[in-house]
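Each remark here refers to the structure printed beneath this line.
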Number of protein chains: 2
Amino acid sequence: MEFQEAKDKFISTWGSLGTLWGINKAMAQIQALLFISTKPLTTEEIMEELQISRGNTSMNVRQLIDWGIVKKELKAGERKEYFSTEKDVQELARIIAEERSRREIQPVIKTLQEISSIKDDGTKNTKELIKQTKALHDLATTANALLDKAINHKQNWVSSALIKIIK
Amino acid sequence: MEFQEAKDKFISTWGSLGTLWGINKAMAQIQALLFISTKPLTTEEIMEELQISRGNTSMNVRQLIDWGIVKKELKAGERKEYFSTEKDVQELARIIAEERSRREIQPVIKTLQEISSIKDDGTKNTKELIKQTKALHDLATTANALLDKAINHKQNWVSSALIKIIK
DNA sequence: TTATAGTTTCAAAAATTATTGAAAGTTATA
DNA sequence: TATAACTTTCAATAATTTTTGAAACTATAA
């Protein structure tokens, strides 16, 4: 496998993974491109490399900035904006986990909480609904706390968590 | 909030969560419906409750069975098939985590492994590609091992893992 | 067998989501 | 303040994904 092939494969693998995570293809591909780039890139360069339109590039770069994964860099004496991504995988994982918790897990926990607090009218169906949503609420809360704890141990959390559990 | 409203809210919350996980809406809603049902349901009942077509119901129930989340039940003297889902949240989480690992994480690990093993031709770009894909490969491998360890501690893994890490 | 009660399949339609591209907007500098 | 260089917006279009529904299929019982 040559460099170009490997690079394309990396970008497309990351791109399709993104879809699975609720991140769109272009957004994931831009991040992938920046992740293996040796220097910050301009909108033009991203468009050229990924063969996507200016509008698409602009919108998705903004979203990556929103997520806190991509940073804008300005070069002295140049009008163009240069973009670069977080290069440290641990930090990248931390940011993604945190955003996902905030955007997805926490709202669900809140809803489960609301549902599980409905008035128990004594019927079998209501009892089952309360019981099962409570169980999910507890699971989600615990899993989220675990994730939260993990992502706040900035350095090497995965390895240290692993060691603790495995042994 | 009354029972019916709570029930609808639960089904739609679970449905939209599913989308985020690469599971389609109907599939997630069927699972949600079964999860709070006090008895196994037939195709007819599912169609009726969720207002979806017969074909849609059939295909998505099959997928849930494939995932190992839903089981078919036959009643003596009846031709109809009844469906029920795993009711224990811990076990449900275990199955979902395991399936996601198998379907998504493991193939990506394999691809990252392939990409990071390309021949180093000494150029800066190749070196960066190798370095970054290796780093991702290591992270994914470790995270996956952690998940694997966790899901194989059938009982109460989340809580016990949490206790170990928090203290 | 044949009728009946059920399930599955799949091409077409509908719904959703992503992408384009050109116009509008912004900002730096001459 | 005018122009050039660049970015953003957004309605229209394209691509993708989901859903439908009717025909094909399967199994049981009379």
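Letters A, B, ... mirror the listed sequences (proteins, then strands); counts begin at 1. Just so it is clear, the values below take in all heavy atoms, side chains as well, and ignore hydrogens, waters and symmetry mates.
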Indicate whether OP1 or OP2 belonging to [N] is found under 4.0 Å from a side-chain N or O atom of [X].
X        : N       : result
Arg54(B) : dT8(C)  : no
Asn24(B) : dT19(D) : yes
Ser53(A) : dT19(C) : no

Legend entry - Earlier contact from the 5' end, DNA chain C, for Met59(A) and Arg79(A): Met59(A)
Legend entry - Whichever of Glu78(A) and Lys80(B) has its nearest DNA chain C nucleotide further upstream toward 5': Lys80(B)
Inset, instruction - Check the surroundings of atom CD in Glu73(A): do more than 12 heavy atoms from other residues, nucleotides or ligands lie under 6.0 Å from it? - result: yes
Legend entry - Side chain of Thr43(B) - closest among dT7(C), dT7(D), dT19(D): dT7(C)
Inset, instruction - Verify whether one side chain among Thr123(A) and Asp121(A) offers a donor that lies under 3.5 Å from an acceptor in the other. - result: yes
Once you round it to whole Å, what is the distance between [atom2] of [N] and [atom1] of [X]?
X        : N       : atom1 : atom2 : answer
Lys25(A) : dA14(D) : NZ    : P     : 16 Å
Gln51(B) : dA14(C) : CD    : P     : 18 Å
Asp66(B) : dT8(C)  : CG    : P     : 11 Å
Leu41(B) : dT7(C)  : CG    : C1'   : 17 Å

Legend entry - Donor-acceptor under 3.5 Å (Gln106(A) side chain, Arg103(A) main chain): no
Inset, instruction - Of all the heavy-atom pairs spanning Val108(B) and Leu17(A), show the shortest one and how long it is. - result: CG2-CG, 3.7 Å
